[in-house]
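Since the structure comes first, as structure tokens, the remarks are kept for the end.
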Amino acid sequence: MDWEIVIGLETHVQLSTASKIFSDSSTQYGALPNTQAGVVDMALPGTLPVMNRGAVERAIQFGLAVNATIAPVSVFARKNYFYPDLPKNYQISQFDLPILQGGSLTFFVGENETTVNLTRAHLEEDAGKSLHENFTGPHGESSTGIDLNRAGTPLLEIVTEPEMRSAAEAVAYARALHGLVVWLGICDGNMQEGSFRCDANVSVRRKGDNKLGTRTEIKNVNSFRFLERAILYEARRQIEVLEDGGTIVQETRLYDSDRDETRSMRTKEDAHDYRYFPDPDLPPLVVDSGWVDRVRANMPELPAARRGRFQTELGLTAYDAAQLTMQRSTADYFEEIVQHLPQGSAKPAANWVLGELAAALNRDDLDITQSPVSAQQMAALITRIVDGTISNKIARDVFAAMWEGEHNRDADAIIEARGLKQITDTKAIEAMVDQVLADHPAIVDEYRSGKDKAFNSLVGQVMRAARGKANPQQVTNILREKLDS
Ligand code: ADP
Ligand code: MG
């Protein structure tokens, strides 16, 4: 494996404005075809676009969050091409003067923190949709319908430098970006509805080469899983072509999730093919510092700030803090737990949110905002671990019962009803330890002959005798004392 994969992502983030970027039509998803296509969206002659301030403000928010340069003046340009779902025959976008330049996003890939630099982000309108299924023409022939409801929906296209080196890194970036735009409230993040779509640019080169290879662009991947698979497939395909002595064609490809492969769609246009020019219908977009300040004043605490606070105020590791601030809803939930816990209990709270709770949510395909166990109920459970009433292991059973709705999800009631209180009475534990030592002389001999594993086995026996309820620290201490004396 002497190949290196190079990835740059372009992400289309649908901005959460009520109306479209250049018209007053609604952006509500799912309406009957063409019921939300006004005269501007249909490109009727004589109509003119009017910029939506809300879309600009969302772009500014994003720029502030990633430390981008916000252009004091940016320009809308026409990107010319013909397609049936684009009635103007051009898309209004931004070209050489986008609203945002530079900036970066820092996130974790597994245990490793990494930063990806952004090239730019620009505002543009979405096109309509061609409906290829279930349409027949006057002679029964299959045909295509056009739905212009989506035409003019505001998009922020966020472009990275070609800096990512694995499919896993690209997916981690996409997840972090998704978390951020949802956190800011500038995008609803709904990937099934197309509110967040990634184009992956992929190339490969021999390790050590400093020139980038020819890239292909995989269009419109709308799930993280498919993004990963599409990149893996495409990199493998390119390596095979090159190893067989072939060359890579710069082209646009489509990922087919049913077959788990990418297919050529069309050769890639170059920018000059689009005949970009400034749109004479729209004045340059002027964003002065006063406007930026007003936007900044209305922004929520940013993930990076919250992450820092979780580290300094609560003593969490950088990794835990980053995981907890991937999504605002998770950070909110976690903070609510901590508010109900004694000082210094943030670490077990983090472990529970990122471990047992995350697993249960994932298993039932729920968002944390839909968690059947509330943050307060969670805090009640963790309190009983922290104060030594139950062990972590028993707490998992209590949590499972809470999840199922037992005793109104009241941890104390479940502990009481099931008799799960931890045994902390030294005398009682000593008695159990003595019994185990008497019952397992062979293991005791093993321990004495230097086998450390034998010790764990004895701890296990005592815990079994206590049906999991003995305080593990006390068991360990008493056992050591008796064995080593
Ligand atoms: P467009 O796709 O509109 O032609 P660009 O040429 O600016 O735009 O590139 C778009 C994306 O492709 C960027 O994210 C960039 O990082 C990425 N990219 C450019 N060259 C390569 C390459 N050789 N390998 C992988 N990604 C690349
Ligand atoms: Mg592109």
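The shown structure was predicted, so the numbers you read here are calculated from the model rather than taken from an experiment.
For the pair Asp24/Val40, no side-chain contact is recorded, criterion being any heavy-atom separation below 4.5 Å from C-beta on. Side-chain contact between Val386 and Pro348 is present, with heavy atoms from C-beta onward closer than 4.5 Å. By the 4.5 Å heavy-atom criterion applied to side chains, Thr247 and Val241 are not counted as neighbours. At a threshold of 4.5 Å between non-hydrogen side-chain atoms, the residues Ile248 and Ser203 do not count as touching. With contacts defined as side-chain heavy-atom distances shorter than 4.5 Å, the pair Phe22/Met51 qualifies. For the pair Phe310 and Asp320, the minimum side-chain heavy-atom distance is 4.5 Å or more. No side-chain heavy atom of Leu155 sits less than 4.5 Å from a side-chain heavy atom of Leu123. Looking at heavy atoms from C-beta onward, Ile390 lies in side-chain contact with Ile385 at the 4.5 angstrom threshold.
Summarising the geometry of Ser345 relative to Leu341, their closest heavy-atom pair is O-CD1, 3.7 Å, with the distance given to 0.1 Å. Contact detail for Phe107 and Ala176: the closest heavy-atom pair is CB-CB, 3.7 Å. In terms of heavy atoms, Ala230 sits closest to Thr262 at O-CG2, 4.0 Å. Residue Val182 comes nearest to Gly189 through the heavy atom pair CG2-CA, 3.7 Å, listed as atom of the first residue, atom of the second, then distance. The minimum heavy-atom distance between Pro300 and Arg328, with the atom names listed, is CG-NH1, 3.6 Å. Leu227 approaches Ala174 most closely through the heavy-atom pair CD2-CB, 3.8 Å.
By the 6.0 Å contact criterion, CG on Asp288 is enclosed, its count of non-hydrogen atoms from other residues, nucleotides or ligands being greater than 12. Summarising the local packing, OH of Tyr83 is surrounded by 12 or fewer heavy atoms from other residues, nucleotides or ligands at distances under 6.0 Å. The number of heavy-atom neighbours closer than 6.0 Å to CG of Asn134, taken from other residues, nucleotides and ligands shown, is 12 or below. In Gln370, the CD atom is crowded: over 12 heavy atoms of neighbouring residues, nucleotides or ligands sit closer than 6.0 Å.
Between Arg294 atom CZ and Ser289 atom OG the span is 9.0 Å, to the nearest 0.5 Å. Distance check: Arg206 CZ to Glu243 CD gives 6.0 Å after rounding to the nearest 0.5 Å. The CG atom of Leu184 lies 13.0 Å from the CD1 atom of Ile60; values are rounded to the nearest 0.5 Å. For the atom pair CD of Gln91 and CG of Asn80, the computed distance is 10.5 Å after rounding to the nearest 0.5 Å. Rounded to the nearest 0.5 Å, atoms CE (Met402) and CG (Leu381) are 5.0 Å apart. In this structure, CZ in Arg197 is found 9.0 Å from CG in Asn222, a value given to the nearest 0.5 Å.
Under the 4.0 Å criterion applied to side-chain N and carboxylate O atoms, Asp279 and Lys88 are not assigned as salt-bridge partners. Using a 4.0 Å cut-off between charged nitrogen and carboxylate oxygen, Asp96 and Arg120 do not count as a salt-bridge pair. With respect to Glu234 and Arg237, a salt bridge is recorded, a charged nitrogen being found less than 4.0 Å from a carboxylate O. Between Lys207 and Glu4 no salt bridge is recorded (no basic side-chain N to carboxylate O distance below 4.0 Å).
A donor-acceptor contact shorter than 3.5 Å is absent between the side chain of Arg78 and the backbone of Tyr90. Judged purely by atom type and a 3.5 angstrom limit, Gln238 uses its side chain to pair as donor or acceptor with the backbone of Val202. The main-chain N or O of Ala43 is never found under 3.5 Å from a side-chain atom of Thr47 such that the two would form a donor-acceptor pair. Distance alone, capped at 3.5 Å, places no donor-acceptor pair between the Asn149 side chain and the Tyr29 backbone. Listed for the Lys20 side chain is no donor-acceptor partner under 3.5 Å among the backbone atoms of Glu125. The backbone N or O of Ala55 lies less than 3.5 Å from no partner atom in the side chain of Thr17, so there is not a single donor-acceptor pair. In this structure, Asn34 contributes its side chain and Ile146 its backbone to a donor-acceptor pair below 3.5 Å. Panel note: side chain Asn201, backbone Gly8; a donor-acceptor pair is recorded below 3.5 Å. The backbone N or O of Leu314 lies less than 3.5 Å from no partner atom in the side chain of Lys347, so there is not a single donor-acceptor pair. Of the possible polar contacts, one joining the Asn52 side chain to the Ser19 backbone as a donor-acceptor pair under 3.5 Å is found.
Annotation: side-chain hydrogen bond (donor to acceptor under 3.5 Å, both in side chains) contacts of Glu193 (sequence neighbours excluded): Asn190. In this structure Thr119 satisfies the side-chain hydrogen bond (donor to acceptor under 3.5 Å, both in side chains) test together with Glu161, sequence neighbours excluded.
With respect to Glu124, the side chain to side chain contact (heavy atoms under 4.5 Å, CB included) criterion is satisfied by exactly one of Lys79, His12, Gln94: His12. Of the candidates Arg229, Lys219, Arg263, Asp256 forms a salt bridge (charged side-chain N to carboxylate O under 4.0 Å, His left out) with just one, namely Arg263.
The salt bridge (charged side-chain N to carboxylate O under 4.0 Å, His left out) pairs that include a residue from residues 350-373 are Glu356-Arg396, where partners are two or more places apart or lie in different chains. For residues 58-67, the pairs satisfying side-chain hydrogen bond (donor to acceptor under 3.5 Å, both in side chains) are Ser16-Arg58, with sequence neighbours left out. The stretch residues 98-109 participates, sequence neighbours left out, in these side-chain hydrogen bond (donor to acceptor under 3.5 Å, both in side chains) pairs: Thr106-Thr115. Contacts classified as ring pair (Phe, Tyr, Trp, His ring centres under 6.0 Å) and involving residues 159-182 (residues at least two apart or in different chains) are given here: His178-Phe196, His178-Phe224.
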Please determine whether side chain to side chain contact (heavy atoms under 4.5 Å, CB included) holds for the pair Leu180 and Phe62, giving the CA-CA distance in whole Å, both sets of side-chain angles, and the decisive distance to 0.1 Å. CA-CA 8 Å; Leu180 176 60; Phe62 179 75; 3.9 Å; yes

Quick one: do Trp183 and Thr330 satisfy side chain to side chain contact (heavy atoms under 4.5 Å, CB included)? Show the steps, please. CA-CA 10 Å; Trp183 183 298; Thr330 308; over 6 Å; no

Applying side chain to side chain contact (heavy atoms under 4.5 Å, CB included), run through Ile7 and Glu169 and close with a yes or a no. CA-CA 9 Å; Ile7 305 152; Glu169 186 180 3; over 6 Å; no

Step by step, would you call Val287 with Ser74 a side chain to side chain contact (heavy atoms under 4.5 Å, CB included)? CA-CA 8 Å; Val287 179; Ser74 64; 5.8 Å; no

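In this model, a donor atom of one side chain and an acceptor atom of the other lie less than 3.5 Å apart for Gln377 and Ser374. Remark: the Arg307 side chain and the Thr325 side chain contain no N/O donor-acceptor pair separated by less than 3.5 Å.
Taking the six-membered ring for Trp and thresholds of 30 and 60 degrees, Phe399 and Trp403 have ring planes inclined between 30 and 60 degrees apart.
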